[in-house]
Amino acid sequence: METIPSILEERLKAAVEDPGPTPLSITSASDSRFGDYQSNAAMLLAKLRKSNPRLVAQQILDRLQVADICSSVEIAGAGFLNFRLREDWLQERVSQMKADPRLGVPSPLRPLGMVIDFSSPNVAKPMHVGHIRSTILGDSLARIAAFIGHNVVRDNHIGDWGTQFGMLLLGWKTILDRSALEQDPLLEMERIYKNVSARCRDDIAVLEKARHELVLLQTGDPENLLLWKEMIRLSQSQFDTIYGRLGVRFDVTLGESFYNERLKPVVEELKASRIARESDGAICVFSDGSHSQEEDVFLIKDKDGWRDNPAIVLKSDGAANYMTTDLATLQYRIETWHPDEIVYVTDGRQQLHFRQMFSIFRRWKPEAAATVRLSHVWFGSILGDDGRPFKTRSGETVRLADLLDEAEERSFAQVSERNPALPEAERREIARIIGIGAVKYADLLPHRQGDYMFSWERMLSFQGNTAPYLQNAYVRIRSIFRKLAEAGEAGEAWTPGAPLRLENGAEIALGKRLLEFGEVLPQVLQDHRPNTLANYLYELANTFHAFYEACPVLKSEGDQRASRLELCDVSARMLKTGLGLLGIEVPEKM
RNA sequence: GCACCCGUAGCUCAACUGGAUAGAGCAUCUGACUACGAAUCAGAAGGUUUCAAGUUCGAAUCUUGACGGGUGCACCA
């Protein structure tokens with residue numbers, strides 16, 4: 001289904017003499033008194049042509065043919081064109097959208113291949129609150145891209161290689177507590193890692209031993225390889241538990257170790273093509289002078305002036321680092337999936353790394369770089385209510401499993417208070433849906449570039465822009481249909497598909513709101529910003545509640561009743577679908 | 001020092017990427033339950049968008065400068 005702005009834009013283009021390359025933007029009206037949609041095209045054109053905006057608007061208006069769509073088009077203010085939709089046309093649009101399984105979301109011109117790299121936990125470390133944003137944001141973007149019609153590869157690039165394994169292996173062989181490992185493998189692995197790592201700092205002999213273990217692993221020592229695989233297995237089972245609770249899945253899980261064979265050739269190619277060279281024993285990429293100093297990611301300024309800020313692709317000890325791995329991974333992804341876009345979902349601190357990585361890639365593989373969009377979708381930190389990074393009361397990192405437990409516990413207490421009569425198992429299930437949903441929604445709602453303050457009270461509140469509020473809107477609708485089904489036994493069954501009649505203000509407002517879904521969703525993906533979708537759903541729930549208060553459904557009669565039931569049904573579907581795209585479930589009761 | 005991000009109502013956050021009178025929730029105040037779920041709705045009050053200049057029909061948004069905060073800057077990822 002085409003969106004209303006794109007239909008109006010076509011009409012507008014036809015009415016403009018020599019529209020040029022400038023897009024004629026149509027947006028929904030900023031104030032309903034101005035109409036339903038507005039365009040500032042006349043003002044933009046007037047600026048280009050150095051003429052009067054209102055005059056240009058009048059010229060457009062004289063040739064504009066929208067009588068089948070609009071009841072009025074007016075020139076207002078500095079030269080705005082304000083469109084008011086015909087109510088019969090609007091009603092027809094909502095009916096079409098209702099019958100559309102895509103709920104009015106336009107099909108892409110061409111389905112894109114997208115690789116989304118997100119979550120990326122480390123082996124042998126518990127997943128903690130630092131992983132939550134990448135996991136939830138990446139999952140949501142993947143769901144949205146797939147719904148729109150793109151081909152998505154969800155790739156979990158886990159940290160299963162590197163210097164930490166020397167310490168882990170040494171710890172495993174010397175201080176491992178078997179029973180602790182059985183009880184909580186991640187906790188025990190974390191303990192031995194911290195223990196050895198601390199001793200390495202003070203004692204060069206321990207450090208040497210750890211390095212030796214790492215060399216053994218890297219040269220294929222059977223025992224170390226076996227232990228390493230065991231660590232991965234134990235970690236993966238913990239990841240699976242968390243991902244199961246979050247409802248997150250991956251198409252491929254390829255750890256850093258998977259790219260080992262490709263690292264040396266990458267470095268060789270970069271050296272051969274003179275992109276990288278030796279410096280202080282390491283192989284580095286320096287500026288090629290193709291950018292201004294301020295924009296050059298390989299330069300940095302200090303008090304003595306501009307100096308090199310190279311990216312290291314091979315350390316002086318001959319080992320590769322994450323830049324090398326990321327380049328090899330990028331090469332692999334392009335060879336394997338030929339994607340149109342690769343999305344990296346990580347925190348904002350890695351901006352420089354990705355800018356350097358993308359820059360090296362453009363120099364290394366210019367043809368490939370020209371056909372793939374590389375997007376670093378970065379996000380800010382989660383803060384505690386003290387404005388400092390979110391920690392437990394004792395100052396520890398918050399483990400993700402504990403966070404989810406607490407969300408469900410708090411939610412369970414609320415559900416039990418509201419609905420003590422429900423069986424416990426049902427209350428547990430509702431609490432799970434609300435608790436997990438609240439955490440996800442609180443994470444997706446703020447603009448991703450920027451820190452946000454974590455607050456149980458706010459995210460679990462029933463009022464305001466929260467998951468429970470949205471879920472409640474859905475539950476209220478379902479309750480209507482439950483009532484109807486009970487009555488159905490007396491011969492009042494609901495038959496879907498009745499014609500819509502948008503008669504009063506609240507019905508019309510709801511209809512317009514429902515149509516906006518198709519406008520919002522492509523933009524969400526374009527900007528990689530699910531918070532836009534979250535805000536839309538909040539407004540939808542708001543508009544629905546206003547309709548619900550103003551328009552009795554079950555107490556109305558005949559065609560009106562049938563029409564209102566249709567509006568309820570499509571609103572419920574929209575809420576469920578929209579929340580589903582954020583990875584949030586809805587309960588039937590709460 | 002340089003780069004990136006941020007500074008919006010008492011608090012927590014939006015603002016369709018330069019549009020018309022900057023919007024929500026919490027907290028405060030007023031009103032609506034013998035009621036399709038009040039976990040809701042209707043309303044009031046709350047703003048020099050940190051400050052100062054500039055760009056133009058028009059700025060929270062762009063430019064420059066100042067002030068304040070976060071993050072990153074050569075072998076950890």
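All values below come from the heavy atoms of this structure, side chains included, with hydrogens, waters and symmetry mates left out. Letters A, B, ... mirror the listed sequences (proteins, then strands); counts begin at 1.
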With a 3.5 Å cut-off and heavy atoms only, can you find an N or O donor on one side and an acceptor on the other between the side chain of Thr163(A) and the base of rA77(B)?
no
Would you check if the side chain of Ser257(A) reaches a backbone N or O of Asp160(A) as a donor-acceptor pair within less than 3.5 Å?
no
Assign Ser455(A) to base, sugar-phosphate, or nothing according to its heavy-atom contacts below 4.0 angstrom with the strands shown.
nothing
Considering every strand and a 4.0 Å limit on heavy-atom distances, what is the contact class for Cys284(A): base, sugar-phosphate, or nothing?
base
Determine the Euclidean distance between corresponding P atoms of rC29(B) and rC36(B); express it in Å to zero decimal places.
29 Å
Answer with base, sugar-phosphate or nothing: what part of the nucleic acid does Pro53(A) contact at a heavy-atom distance below 4.0 Å?
nothing
Expressed in angstrom and rounded to an integer, what is the separation of Phe286(A) atom CZ from rA74(B) atom P?
12 Å
With a 4.0 Å limit, can you tell me whether Lys483(A) has a side-chain N or O closer than that to the phosphate oxygens OP1/OP2 of rG37(B)?
yes
Can a donor-acceptor pair under 3.5 Å be found between the side-chain atoms of Gln38(A) and the base atoms of rA20(B)?
yes
Which is true for Arg33(A) with a 4.0 Å heavy-atom rule: it touches a base, it touches only sugar-phosphate, or it touches nothing?
base
Syn/anti state of rU17(B) by chi, 90° boundary around 0
syn
Quickly work out the Tyr469(A) OH to rA38(B) P distance and round it to whole Å.
12 Å
Any base atoms under 4.0 Å from Asn465(A), or only sugar-phosphate, or nothing? Heavy atoms, all strands.
nothing
Protein-nucleotide distance (Arg355(A), atom CZ; rC5(B), atom C1'), rounded to Å
12 Å
With a cut-off of under 6.0 Å to the ring centre and 45° to the axis, is Lys576(A) in cation-pi contact with Tyr474(A)?
no
Between the base of rA77(B) and the side chain of Asp347(A), is there any donor-acceptor pair under 3.5 Å?
no
Nearest heavy atom decides the nucleotide; on that basis, is Asn82(A) or Met323(A) closer to the 5' end of RNA chain B?
Asn82(A)
Send over the distance from Gln463(A) CD to rA27(B) C1', rounded to a whole Å.
11 Å
Determine the contact category for Ala319(A): base if any of its heavy atoms lies under 4.0 Å from a base atom, sugar-phosphate if only primed atoms, P, OP1 or OP2 are that close, otherwise nothing.
nothing
For Phe544(A), does the six-membered ring have the charged nitrogen or CZ of Arg513(A) within the cation-pi criterion, i.e. under 6.0 angstrom from the centroid and within 45° of the normal?
no
Exam field: side chain Arg564(A) to backbone Glu507(A), donor-acceptor pair closer than 3.5 Å
no
For RNA chain B, what string of dots and brackets results from 5' to 3' when Watson-Crick and G-U pairs need both distances under 3.5 Å, crossing pairs get [ ], and pairs with another strand get |?
(((((((..((((.....[...)))).(((((.......))))).....(((((..]....))))))))))))....
Any stacking of Phe80(A) on rA20(B), going by centres under 5.5 angstrom and planes within less than 30 degrees?
yes
Expressed as a whole number of angstroms, how long is the span from His545(A):NE2 to rA32(B):P?
21 Å
Any N/O pairs under 3.5 Å between the protein and nucleotides 12-16 of chain B? List them or say none.
unit_1: rU12(B); atom_1: O2'; unit_2: Arg458(A); atom_2: NE; d: 3.1
unit_1: rU12(B); atom_1: O2'; unit_2: Arg458(A); atom_2: NH2; d: 3.2
unit_1: rC13(B); atom_1: OP1; unit_2: Met453(A); atom_2: N; d: 2.9
unit_1: rA14(B); atom_1: OP1; unit_2: His447(A); atom_2: N; d: 2.4
unit_1: rA14(B); atom_1: O2'; unit_2: Asn535(A); atom_2: ND2; d: 3.4
unit_1: rA15(B); atom_1: OP1; unit_2: Arg529(A); atom_2: NH2; d: 2.4

